[in-house]
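All figures in this text were calculated on a predicted structure; none of them were measured in a lab. Below, chain A is the first sequence line, B the second, and so on; all start at residue 1.
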Amino acid sequence: MPHSISPQSTQTLEADSPPAANPNPDLPSQDMSMSDASSPAAAEEQAKVNLEELFNDEDSDNEFSSSAPQVKFEDELSQPAPLKVSPRSQFSDPEIMRAFYQRLFPFRYLFQWLNHSPLPCNDFAHREFAFTLPNDAYLRYQSFPTADLFRKQCIQMLPSRFEIGPVYSTNPRDRKQLRKASAFRPLTKELVFDIDMTDYDEIRTCCSGASICPKCWAFITMAIKVIDVALREDFGFKHILWVYSGRRGAHAWVCDKRAREMDDQRRRAVAGYLELLKGGDGAKRVNPRRPLHPHLERSLNILKEHFQTTILHEQDPWAEEKSAHLLQLIPDVKLRDALKTKWDSSPSRPSPSKWADIDTLAKSGSLSMKPQQLLEAKQDILLEYTYPRLDAEVSKKLNHLLKSPFVIHPGTGRVCVPIDPREVESFDPFTVPTVVQLLGEIDAWKGQAETEDGKKVQDWEKTSLKPYVDYFRGFVANLLKDEKSGIKREREEGEPMEF
Amino acid sequence: MIRSDYSRVDPKRRANLNYKKKQFATAEFQQQQYEHRLNFYELPPTAEITLEEFETWAINRLKVLSELEACTFRNKTPEETAEYMTGILNKYLPLRSNSSSKSQALQDERRKDHYSHFILRLAFSSTEVLRRRFSRLETMLFKLRWLKDDVFERKDFVKGLNLDWDEVGEEEKKEILDKLMAAGGVKKGDEMDWFKVDWERVPELVEQRKVFVRRGKAFVPQREQMSLVVVEFTKRLDNALELTSRALPRLDEDDRLAPILAHLSQSFTAPDSAYSSSDANIDGLNVITANSIDTLSTHFPLCMQNLHQNLRANSHLKHFGRLQYTLFLKGIGLSLEECIVFWRQSFKLITDDKFNKEYKYNVRHSYGDVGGDANRRGRGYTPYSCQKLLTEPLPGPGQAHGCPYRTFTSDNLVALLQRTGINDWDVLKGVKEDVGKQRYHVACNRVFEHAHKREIKRVKDDGSWSATDLDTIVHPNTYFKRSWLLKHVGEGNVGVVGGGDRMEE
Ligand SMILES: [Zn+2]
């Protein structure tokens, strides 16, 4: 069978036919080889849901009162039969994934977030989504005219996760019909950042590989604090969404219009501005100009607070023979020799003591350079161990894809929830709900089916996902408010804002 | 700028074109005064120039831009580029400062600079690829000149541009002075003036943290002005090119300009170079005979080595290959008689009778000995330039003419280069990249520079050759001459470049 494809094989597929091309969009297409999605029972259930929808005139979209027709969101209208979650349920089970997309995933807010307006427009319709299917096939250039069709395809294909790319000049699904290749080009996308623990492996002592603990999560906390304040104070961005990546990192989505419209050169500029560590292992990786740029000065002040506890006490980075790297970073030969002698005789001195030894020995006459130079060298060391380590390539390209918020991390089952940067210190990745836990919470929920003002309680409201969705909803509402006044201003001024 | 191209346009259409910018303003037929050495090229030229000036000036500017481009292709540093370009600019497009002279010559230089810019703008506005390339190179040229400009004249020039930059007021300055100084590396005693602009206008300064950034505004020290001016230059030029491209169709109506413009934009592939008779006269090179070709062929560019190898392998070459090779051999100084001997000996498999009937005539024809019109006969055909080789139709089966960098597949090209002794992996990789980007002449120059690395270093170090003597090769005969001279540097009076000019053909 030369054409057979084993389900384990990883490959990139491009599904070019939109779901609408399927004669019955509610039935899974026949050529999709996913047995679980094409079972007649599942199809019947969905058909029923749609029938009910016809009689359902509940209008819960009151946030954007507009005389224009409202967009309906199925996720709020349909309430499929409860799903029994057993302790043995796996988060990658198709039933679990289907229930997640049907009942929990906040399609409505995701749509508003990307669409920038209550009515569907090209910001959403021309946006690229890339699906990773349960068999690991990777489907690029997916796009959807409405949130509802997007939701339908998720329920149909049950992607283990999906990524979000740029808004293109034409519908990504039509790109091959264009006569000129240049007619298909990325126009806008959020400015994104990716902070991953991998980049900290050389200074992280508590864990390694994919695992994390509260001690090393502090690295991510420090990074968020430093980057967030720079983006706001320096670049004037207001709409920055931080998202837990589901395992051991965080993403940032800068959603201001001005950020979305940046070309690659401008993205590179911001990434470069925020990047500090250069070069590979061994060498001194932090060499800023003096006096420090105000951004670095501010970062240093933020990071100082963390250095003593997070680095010296918790990571103990220079225990035993690891002090060799610290010695390497001391620019004064005389002082270095003195320190080496001292530490060789008592290698088990903890890192806080070794750090203190530097000043003690310097003051007692072992310093040949100026105290100011030593101070600067110590600042550089502090920055090397605390300053954010960005995967800068992700930020530099307009057409780079990044995993969507609220999808499930395929390795941990945790939901990629937003992180409120104002409370980043108290964010605990270990309390982030897993999909299995959330579905269990729906089942266990004993509250009223309707709120006091007669609104139906959504499934996500019954779970510990609620605060995260609430935060996201507020974030999106603020973004849309600014977007609206921006459009109004543009109209009044008669010309688009120029940067 | 040429009277007739305005008179041909009907007034209604002209009015249409002027709706936004005075890109092609009604000609006033007067000389402009050029106060500054630098030019943003905002006003189109209005006075008349001759057709000959039109073409020569454009070709000169094209030469400058091509050399600039070659510098970037070869990853020269800004300093190396500036040094290399000094000679080129002095030769083709000199531009002196006000302090140097007040004469008419100064105005003439600036006029040439101004007009040639606008002529090339016409030639390169037709497609987006050309526009982008032109804009990039003109920006580089502007930057180069900016750096060489007199500081006071430069200040004057900037003042005249009316750029909308907010100056940072005294009060704000006081409030954030330490931050401004730290970010900009400004020390006490330096100029204490800053501009405030949207940070997006100075991305490279932001990227390097050379400016203080607050709430989306970048605070740019006075001395970083160039960055701002250059961005502005590019922006305005891009807009102007866009407008020119829309105005272009009507220029096609001028049957005198159209071919020149078409030729110019075509030349951008590889700068055209007329064969110069000086390439044939090489000091220290003895009279070339049919028997010396094998030895000399190590100095041949790849296109000719390929023909030579084919000729030796098959004892034959097809028509176009013969023509290309004959003209090249003529170009290096092989006489008609010796050339006939060369071909007779090379075509081992045919009889004298067949040779005399079918081939000899062609050789004589190439040398201008027979055929053609009487006026051309004195010279015959000119040896082909790279430009000619790169634009002619691709060779068919069994044919070997053209430029191998263009006609060979990547693998075959590498094999051919290795046969000629180029084994350096980096060079071969570079060639592959050049060829992938259709920069065939860059690939060829890369190979030349590699094959003559030591010699080039020597003549540079001892100052016996100037940068212009080593500019980009765009003619196979230049390749041969330079290769031969470099390999014989230090033997008698060999290596005196330009010495060949004394004998007129
Ligand atoms: Zn840990």
Side-chain angles (χ1 to χ4, degrees), chain A residues 180-183 185 191 229-239 254 256-278 286-301 376 379 383 387 390 392 395-396 398 495 497-499, chain B residues 20 127-132 135-136 139 163-166 168 172-173 175-188 190 194 196-221 224 227-228 230-232 234-236 238-239:
Chain A
K180 279 199 302 185
S182 61
R185 56 178 201 284
L191 170 66
V229 71
L231 291 172
R232 286 176 208 275
E233 286 185 3
D234 300 355
F235 293 95
F237 296 132
K238 287 200 290 207
H239 304 284
V254 186
D256 299 59
K257 191 158 193 277
R258 192 169 167 182
R260 301 201 309 267
E261 288 173 344
M262 279 160 52
D263 60 13
D264 281 353
Q265 194 196 6
R266 309 260 151 38
R267 284 168 205 263
R268 215 166 42 236
V270 179
Y273 181 86
L274 296 173
E275 236 183 337
L276 179 63
L277 274 70
K278 299 254 158 68
V286 173
N287 299 288
R289 279 193 310 272
R290 307 286 166 171
L292 285 177
H293 184 278
H295 158 64
L296 294 179
E297 188 75 47
R298 177 190 52 209
S299 303
L300 188 66
N301 286 329
E376 288 173 3
Q379 288 176 340
L383 288 169
Y387 191 86
L390 294 169
S395 309
K396 290 176 184 172
L398 169 59
E495 250 187 281
M497 280 194 274
E498 215 189 324
F499 299 117
Chain B
K20 198 157 181 185
T127 71
E128 204 193 323
V129 174
L130 281 177
R131 285 198 292 275
R132 231 183 285 149
S135 156
R136 187 167 44 82
T139 303
L163 303 163
D164 59 339
W165 300 338
D166 290 343
V168 178
E172 189 173 19
K173 204 196 293 182
E175 177 211 337
I176 51 173
L177 189 63
D178 55 331
K179 293 191 164 91
L180 290 174
M181 289 175 70
V186 176
K187 292 181 191 67
K188 286 200 177 100
D190 288 354
W194 282 267
K196 195 160 58 167
V197 294
D198 283 338
W199 76 265
E200 286 94 338
R201 287 177 63 176
V202 286
E204 61 270 54
L205 293 179
V206 171
E207 185 171 357
Q208 296 162 39
R209 284 194 297 266
K210 282 188 173 168
V211 284
F212 175 54
V213 188
R214 186 167 73 168
R215 291 194 287 274
K217 294 279 183 193
F219 293 71
V220 185
E224 299 284 1
S227 188
L228 283 168
V230 167
V231 168
E232 194 63 31
T234 314
K235 196 173 110 191
R236 292 193 193 181
D238 286 345
N239 288 341

> Counting only N and O atoms by type, is there a donor-acceptor contact under 3.5 Å from the side chain of B:Arg215 to the main-chain atoms of A:Gly236?
Replying inline: no
> Is it true that a side-chain atom of B:Arg209 and a backbone atom of A:Glu275 form a donor plus acceptor pair closer than 3.5 Å?
Replying inline: yes
> Is it the backbone or the side chain of A:Arg268 that comes under 4.5 Å from a heavy atom of chain B, or both, or neither?
Replying inline: both
> Could you name the residues of residues 178-186 of chain B that have a heavy atom within less than 4.5 Å of a heavy atom in chain A?
Replying inline: B:Lys179, B:Ala182, B:Ala183
>> Could you report the tightest heavy-atom contact between B:Val213 and A:Asp234, atom names first, then the distance?
In response: CG1-O, 3.2 Å
> A:Gln265 versus B:Glu204: any side-chain heavy-atom pair under 4.5 Å?
Replying inline: yes
> Are any of the side-chain heavy atoms of A:Phe235 and B:Val206 separated by less than 4.5 Å?
Replying inline: yes
Quick one: pull up [atom1] in [X] and [atom2] in [Y] and give me the separation to the nearest 0.5 Å.
X        : Y        : atom1 : atom2 : value
A:Met262 : B:Trp199 : CE    : CH2   : 4.0 Å
A:Arg266 : B:Arg201 : CZ    : CZ    : 10.0 Å
B:Gln208 : A:His293 : CD    : NE2   : 11.5 Å

>> I'd like to verify something: which residue of A:Ala271, A:Pro294, A:Gly272 has the highest number of heavy-atom pairs under 4.5 Å with chain B?
In response: A:Pro294
>> Between A:Leu296, A:Val270, A:Leu274, who has the most heavy-atom pairs with chain B when the cutoff is under 4.5 Å?
In response: A:Leu296
>> Using a 6.0 Å cut-off, check whether atom NZ of A:Lys238 has over 12 heavy atoms from anything other than its own residue.
In response: no
>> Which atoms of B:Val211 are under 4.5 Å from chain A, going by heavy atoms: the side chain, the backbone, both sets, or neither?
In response: backbone
